[in-house]
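Positions are given from 1 along the sequence. Atoms within a ligand are numbered from 1 in the order they appear, just like the ligands themselves.
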Amino acid sequence: MHDTLPLLEPSDFPALTRASLDTLQINIGLKCNQACLHCHVNSNPYRKEKMDVDTIGLVIEFLKLHKVSTLDITGGAPEMHPQFCELVSAARKLGLHVIDRCNLTILEQPGFGNLANFLAEQQVEVVASLPCYTKDNVDQQRGDGVFESSIRGLQNLNQLGYAANQGELVLSLVYNPLGPTLAAGQQELEEVYQKELLEKFGIRFNRLLTLSNMPIKRFGSTLVSRGQFDDYMSLLKKAHSDDNLDSVMCRSLISVDWQGYLYDCDFNQMLDLPVLADNGKNMHLSELLKKDITGNNIVVRDHCYACTAGQGSSCSGALI
Ligand code: SF4
Ligand code: SF4
């Protein structure tokens, strides 16, 4: 048995280069009100790491000067950051599309009673994890009581106009398999989700995004301890499709950690595989203000097969 370190070794994954930058994804902090089994950032209520005021300022400066169309805010539970609302408002004033990767249960936490209203007022796209439409499966993966709280959160968002016909308030759900398997077809699964959630709970949403589980951090460790790591990697490699390579998210997205350092994606961030500057040191957002990284090589390792297996996987769901 081995640990997840082989993911850091050179891989036979095909080389990738950057296209033009479209999305700035920031991990604003690692604190979360949950501690899910599959969490690839090992978040929990006790994590303290969070973006400081200067780095938040740098993010806003970058958004003012650069032509990215989307600010994608993730965490932890990003809403727990004290400057979350300030950052969202600043980005929306600049006309950017803002995505909040919301775990839904945060909407019911003490002190967050106005959060759903704020997201609606600012026309923030809510991307929310709901790994199944049944209570047992969700609670097994995300913790007791998470399913019912998530359902109330979705109903609350619907009442505020999310997923209504006008289409201004977008509500996307994220599905990932419970264990080391590939996701079912996104289109088919979306139809099942729509039917089940509408019939049972009166819930509407705009789209379902299917994601593969990354064999890293907590999920990777679980695979190792259960002796399933190698089998899962083989499954991902066998299901690799070159057709997915053009649209993997790292070609048009850059991921920023809570200290302002850059990574080709959130997963590379969690594996500590940074974007390197010309001097060989980790590149910081302050340097990206002055530098165009289009055409740069992307750091790829074996975990990248989770992005290209089957119909592909990205933070915007399936690729094909
Ligand atoms: S809600 Fe998201 S960030 Fe929080 S522990 Fe679960 S997977 Fe991790
Ligand atoms: S994990 Fe996916 S998004 Fe990240 S560098 Fe690899 S292929 Fe790109």
Side-chain angles (χ1 to χ4, degrees), residues 7-8 11-19 23 25 27-47 49-50 72-81 100-109 127-131 138-143 145-147 149-150 153 174-176 211-220 222 236-237 240-242 244-255 258 262-275 296-309 312-317 319:
L7 289 171
L8 301 177
S11 162
D12 58 359
F13 190 83
L16 288 174
T17 54
R18 291 198 148 272
T23 299
Q25 183 177 68
N27 191 318
I28 197 167
L30 301 184
K31 185 172 181 172
C32 184
N33 56 309
Q34 292 181 201
C36 307
L37 175 65
H38 70 283
C39 184
H40 69 271
V41 287
N42 281 0
S43 282
N44 64 46
Y46 309 105
R47 297 296 295 259
E49 303 89 334
K50 66 172 191 284
D72 184 338
I73 313 176
T74 181
E79 308 87 352
M80 295 180 96
H81 191 287
D100 173 31
R101 295 196 177 263
C102 177
N103 67 17
L104 295 173
T105 58
I106 190 69
L107 299 172
E108 292 198 321
Q109 292 295 303
V127 177
S129 282
L130 193 70
V138 172
D139 286 358
Q140 183 188 332
Q141 188 181 93
R142 298 176 77 80
V146 167
F147 181 73
S149 178
S150 300
V174 176
Y175 164 87
N176 57 287
L211 260 63
S212 298
N213 286 314
M214 272 282 156
I216 64 176
K217 292 288 176 179
R218 197 175 287 147
F219 184 70
T222 305
L236 295 177
K237 286 189 178 190
H240 165 81
S241 167
D242 277 346
N244 290 321
L245 289 170
D246 270 353
S247 36
V248 285
M249 63 183 174
C250 50
R251 300 205 66 229
S252 58
L253 168 152
I254 193 101
S255 164
W258 62 276
L262 306 181
Y263 302 80
D264 289 312
C265 70
D266 202 28
F267 308 120
N268 283 14
Q269 187 183 140
M270 296 313 135
L271 287 170
D272 199 18
L273 294 168
V275 172
N296 278 21
N297 290 330
I298 291 166
V299 181
V300 294
R301 294 289 188 273
D302 268 4
H303 66 291
C304 296
Y305 284 106
C307 291
T308 56
S313 174
S314 76
C315 53
S316 304
L319 303 177

>> Would Ala35 count as a contact residue for ligand 1, given that I'm defining contact as a non-hydrogen atom of the residue lying under 4.0 Å from a ligand atom?
In response: yes
> Which of the atoms of ligand 2 are close to Ile298, meaning less than 4.0 Å from one of its heavy atoms?
Replying inline: 5 (S)
> When you look for heavy atoms under 4.0 Å from ligand 1, do you find them on the side chain of Cys36, its backbone, both, or neither?
Replying inline: both
> Which ligand 2 atoms, with their elements, are less than 4.0 angstrom from a heavy-atom of Val299?
Replying inline: 5 (S)
> What is the minimum heavy-atom distance between Leu245 and Arg251, and which atoms define it?
Replying inline: O-CD, 3.5 Å
>> Out of all atoms in ligand 2, which are within 4.0 Å of some heavy atom of Met249? Include the element for each.
In response: 3 (S)
> In Å, rounded to the nearest 0.5 Å, how long is the span from CG of Asn297 to CG of Leu16?
Replying inline: 9.0 Å
> Which ligand 1 atoms are under 4.0 Å away from a heavy-atom of Asn103?
Replying inline: 1 (S)
> By number and element, which atoms of ligand 2 are closer than 4.0 Å to a non-hydrogen atom of His303?
Replying inline: 1 (S)
>> Restricting to non-hydrogen atoms, name the atom on Gly75 and the atom on Ser43 that form the minimum distance, rounded to 0.1 Å.
In response: C-OG, 4.2 Å
> Which ligand 2 atoms does Cys307 reach within 4.0 Å, using its non-hydrogen atoms?
Replying inline: 1 (S), 2 (Fe), 3 (S), 7 (S)
> Any chance the side chains of Tyr305 and Asn244 put a donor and an acceptor closer than 3.5 Å?
Replying inline: no
>> I need the atoms of ligand 2 closer than 4.0 Å to a non-hydrogen atom of Cys265, numbered in the order shown.
In response: 1 (S), 3 (S), 4 (Fe), 5 (S)
> At their closest point, which heavy atom of Ser129 faces which heavy atom of Leu104, and how far apart are they?
Replying inline: O-CD1, 4.2 Å
>> Nearest 0.5 Å, please: how far is NZ in Lys237 from CG in Asp12?
In response: 4.5 Å
>> Can you tell me if, anywhere in Cys250, an N/O/S atom lies at a distance from atom 8 (Fe) of ligand 2 that is smaller than 2.8 Å?
In response: yes
> If hydrogens are left out, which of Ala306, Ser212, Cys304 has an atom nearest to atom 6 (Fe) of ligand 2, that is, the closest non-hydrogen atom?
Replying inline: Cys304
>> Evaluate Thr74 against Asp266 for side chain to side chain donor-acceptor pair (under 3.5 Å), listing each step before the verdict.
In response: CA-CA 9 Å; Thr74 181; Asp266 202 28; 4.6 Å; no
> Which heavy atom in Ser150 sits nearest to a heavy atom in Leu130, and how many Å separate them?
Replying inline: CB-CD1, 3.9 Å
> Which atoms form the tightest heavy-atom contact between Cys250 and Arg18, and what is the distance?
Replying inline: O-NH1, 3.1 Å
>> Residue-level breakdown please: for Val300 versus ligand 2, do any non-hydrogen atoms fall below 4.0 Å on the side chain, on the backbone, on both, or on neither?
In response: neither
> With respect to atom 3 (S) of ligand 1, which of Pro45, Ser129, Cys102, Gly76 exhibits the smallest heavy-atom separation?
Replying inline: Gly76
> What part of Asn268, side chain from CB on, backbone N/CA/C/O, both or neither, has a heavy atom under 4.0 Å from ligand 2?
Replying inline: side chain
